[in-house]
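These notes concern the structure reproduced below.
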Amino acid sequence: MAAHISRRLRKGATTTAVAAAAVAALSASQAPGAAPVATDGQPAGGTTPPTSTGATATGDSPYYTDLPPLRTPNPVGPGDGGPVVTGPAEAGIPATVLAAYKQAEQHLRTTRPGCNLPWQLLAGIGKVESGQARGGRVDAGGTTLSPILGPVLDGNGFANIGDTDHGAYDGDLRYDRAVGPMQFIPSTWASWGQDANGDGRKDPNNIYDAARAAGMYLCANGRDLAVKADLDRAVLSYNQSREYLRTVLSWFEFYKRGTHQVPDGTGVQPVERSDSRVPSRPGRTPDPTRTPPPPATTPPPGTRPGAETPAPGPGTGDPTPGPAPIETVPARPTPSPTPPPSPTPAPTPPQTPPRTPADRVERLADAGTGTLTAPAGTEFTERPSVVARDASGKPLALVPVRFEIAGDTDARFTSGAAAVTVITGIDGTATAPALRAGERTGRFTVRAAVPQRPAVGPVAFTATVTAGRADALARTGDTPLTAAPESEFAQRLTVRATRGGAPVPGAALTAEMVAAGPDGTHAPSDEGPYFEDAQGDPVRTLTGLTTDADGLLPLPPIHADGRTGTFLLRLTAQGGATLTVELEVTAA
């Protein structure tokens, strides 16, 4: 392996030929078809699905062939589980992409412990399939900022796979295309798709969903990836090419020697692809959705590239030019023929870029979102949802829709981001991730728009954060509350409202003097300690009380009437939390 890498690097790591022959001996471990998948990652029914040529995760789509640099990352020290922070740029993996790989490893460690899936294998596959999601061009939720699509699998240089998803994932109603950062073909995604980020969708454009699906897929058929034979079978089930296997394992070993995290969008992107006909220019990344140009025509022997073929000599009739004869006696000079003027090349018509689904959007509309209301610090039960339609009113799939929170609020999507991009599904809808209310009450706006189509008006949703709900109330001190008759309690009562142990600002509370009944219930009391209203009159129930920014509520002064004994003050928070405090009135 090392000699192979060194030899290719010495050649400049230009193009790499694809080993197109299928590995027949491994066919029993190839990718599954479109059977439903059980929760343990095995196809439903417990049987190994049939295989056929091209029945791989990617449909044997093209891949990046760049190899790791000769200089490897610094190794992680003994007992040090943290990532290295030095090494070549190629060792950097975008933060969200790296998190998705590690999350997938953790999931498989629980659900398929015998598989022994290392996240570095997912990183190796992600590198050659999409350049780690085009260098980490994903939003905070892990969804690619624009769809990553492989070439049309129409049999023209690639596998011939007719449409299996009605264009839901790849936007093509005739043929399939590999989709997303891990380049699943739609039929394979139908079997192995996962919802790893908890947004309610199995989205091949989301790196969390795609990484977990890839892990499940590699662990199929009882493979133990700690065994070299099973590891090879797993990778070949992704793409039936020995060259692909060698390339993935090269990155796998490279990442095992150490990586470091880089910001999203800054990862080093590969250049060379297995379907390249000509070397790419340095510093230019080919468009993975573009079919490469055909190879240039080879000029006849003896000519320079770009030179015209000389006209044959008089009377020879031989179109093949040869060396001019050497004259040994003076001869009458022959005038040189005037070469015919070179024809003026016809102007190349400008290339019109293909229209994307986003280019066809004419209208963005609310898809039936309910009322967006939530108490402070809780999750909204409703999620903003829109539908993208073309000029004829038909829904459009694969349209990137950006949801953005605006206004004076600390509400965020559950990922912690204030803006996310979601790709519309087959029904043209895009649903934002769940919203989480901050501690600031009031209204704010969520706007949905198609960035590529600024002419299409956005859809605005109004959301409201109400007073927070506490699940516990407690005193801030434990000093007994005592007073003499007809006097004021010397100790001031302060209550703290919390939810999950955290303070709840703006929690609504009610304070009421109560008396305990024989059955343990409490009823309002019209005697004993009391509060005073604005006019100084006694009141024994206070409503509309709210906690401050620290979740604290200092109660107004409490007064004792002429009665002695033990009395009860009951505090109730919106949400049901209660606190009962004893008030002791004793004779002087």
Side-chain angles (χ1 to χ4, degrees), residues 139-143 197-201 364-387 401-422 429-449 451 457-474 476 494-512 541-555 571-579:
D139 63 21
T143 301
N197 63 347
D199 64 356
R201 297 182 61 189
L364 201 63
D366 184 356
T369 306
T371 303
L372 295 171
T373 302
T378 65
E379 193 171 292
F380 285 75
T381 56
E382 283 287 325
R383 294 157 60 186
S385 181
V386 295
V387 58
V401 176
R402 178 179 172 86
F403 292 89
E404 185 172 5
I405 297 173
D408 185 18
T409 180
D410 54 354
R412 291 292 182 267
F413 294 107
T414 49
S415 64
V420 296
T421 299
V422 179
T429 62
T431 302
L435 283 163
R436 186 169 186 82
E439 302 299 344
R440 192 178 306 165
T441 59
R443 293 184 176 182
F444 64 94
T445 300
V446 179
R447 291 192 180 92
V459 178
F461 302 90
T462 299
T464 305
V465 179
T466 59
R469 292 182 177 179
D471 59 17
L473 297 174
T476 58
T494 299
V495 177
R496 174 180 287 109
T498 59
R499 180 178 54 253
V504 181
L509 275 73
T510 299
E512 184 179 28
T541 299
L542 296 178
T543 60
L545 304 174
T546 57
T547 57
D548 61 17
D550 298 319
L552 299 175
L553 173 64
L555 270 75
L571 296 110
T572 305
Q574 182 181 9
T578 61
L579 172 67

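Quick note: residue numbers are just sequence positions, from 1.
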- Task: For Thr143 and Thr421, run side chain to side chain contact (heavy atoms under 4.5 Å, CB included): C-alpha distance rounded to whole Å, both residues' side-chain angles, the deciding distance at 0.1 Å, then the answer.
- Result: CA-CA 7 Å; Thr143 301; Thr421 299; 5.7 Å; no
query: For Thr381, which residues count as a side chain to side chain contact (heavy atoms under 4.5 Å, CB included) partner, sequence neighbours excluded?
result: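 Counting only residues at least two positions away or on another chain, Thr381 forms no side chain to side chain contact (heavy atoms under 4.5 Å, CB included).
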Partner set under side chain to side chain contact (heavy atoms under 4.5 Å, CB included) for Ala573, not counting sequence neighbours =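 Listed in chain order: Ala470, Leu473, Leu509, Ala577.
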Among all residues two or more places apart in sequence or in another chain, which pass the salt bridge (Lys or Arg N to Asp or Glu O under 4.0 Å) test with [X]?
| X | value |
| --- | --- |
| Arg499 | Glu439 |
| Glu404 | Arg402 |
| Arg447 | none |

Measure across [X] and [Y] and return the closest heavy-atom pair with its distance rounded to 0.1 Å.
| X | Y | value |
| --- | --- | --- |
| Gly438 | Val465 | O-CG1, 3.9 Å |
| Val422 | Pro433 | CG2-CD, 4.2 Å |
| Val420 | Ala417 | CG1-CB, 4.3 Å |
| Val401 | Ala448 | CG1-CB, 4.1 Å |
| Leu364 | Ala449 | CD2-CA, 3.8 Å |
| Ala497 | Thr547 | CB-CG2, 3.8 Å |

For residues 366-376, which side-chain donor-acceptor pairs fall under 3.5 Å, sequence neighbours excluded?
from: Asp366; atom 1: OD1; to: Gly368; atom 2: N; distance (Å): 2.9
from: Asp366; atom 1: OD1; to: Thr369; atom 2: N; distance (Å): 2.9
from: Asp366; atom 1: OD1; to: Thr369; atom 2: OG1; distance (Å): 3.0
from: Thr369; atom 1: OG1; to: Ser385; atom 2: N; distance (Å): 2.9
from: Thr369; atom 1: OG1; to: Ser385; atom 2: O; distance (Å): 3.3

Quick one: list whatever passes side chain to side chain donor-acceptor pair (under 3.5 Å) with Asn197, sequence neighbours left out.
->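 Asp199.
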- Task: Enumerate the residue pairs fulfilling side-chain hydrogen bond (donor to acceptor under 3.5 Å, both in side chains) with a member in residues 407-417, sequence neighbours excluded, ordered by first and then second residue.
- Result: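 Passing the test, one end in residues 407-417: Asp408-Arg440.
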query = Just one of Leu555, Thr476, Leu553 clears the side-chain contact (heavy atoms from CB on, under 4.5 Å) bar with Thr494, so which one?
reply =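 The single option meeting the side-chain contact (heavy atoms from CB on, under 4.5 Å) with Thr494 is Thr476.
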Taking [X] for its side chain and [Y] for its backbone only, find out whether a donor-acceptor pair lies under 3.5 Å.
| X | Y | answer |
| --- | --- | --- |
| Thr445 | Ala460 | no |
| Arg383 | Ala432 | yes |
| Asp139 | Ala419 | no |

Check: Taking the side chain as C-beta and beyond, is there a heavy-atom pair between Leu435 and Pro384 under 4.5 Å?
Finding: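 They are in contact (side-chain heavy atoms under 4.5 Å apart), so the answer is yes.
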- Validation row: Leu552, Pro503 side chains within 4.5 angstrom (heavy atoms):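 In short, these two side chains do not touch, never coming nearer than 4.5 Å.
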- prompt: Distance from Thr510 atom OG1 to Leu542 atom CG, nearest 0.5 Å?
  reply: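 Going from OG1 on Thr510 over to CG on Leu542, the span is 9.0 Å.
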Separation between CZ of Phe413 and CZ of Arg436, rounded to the nearest 0.5 Å: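 Here the rounded value is 14.5 Å.
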Candidate pair Phe403 and Val459, rule side chain to side chain contact (heavy atoms under 4.5 Å, CB included), full reasoning: CA-CA 9 Å; Phe403 292 89; Val459 178; over 6 Å; no
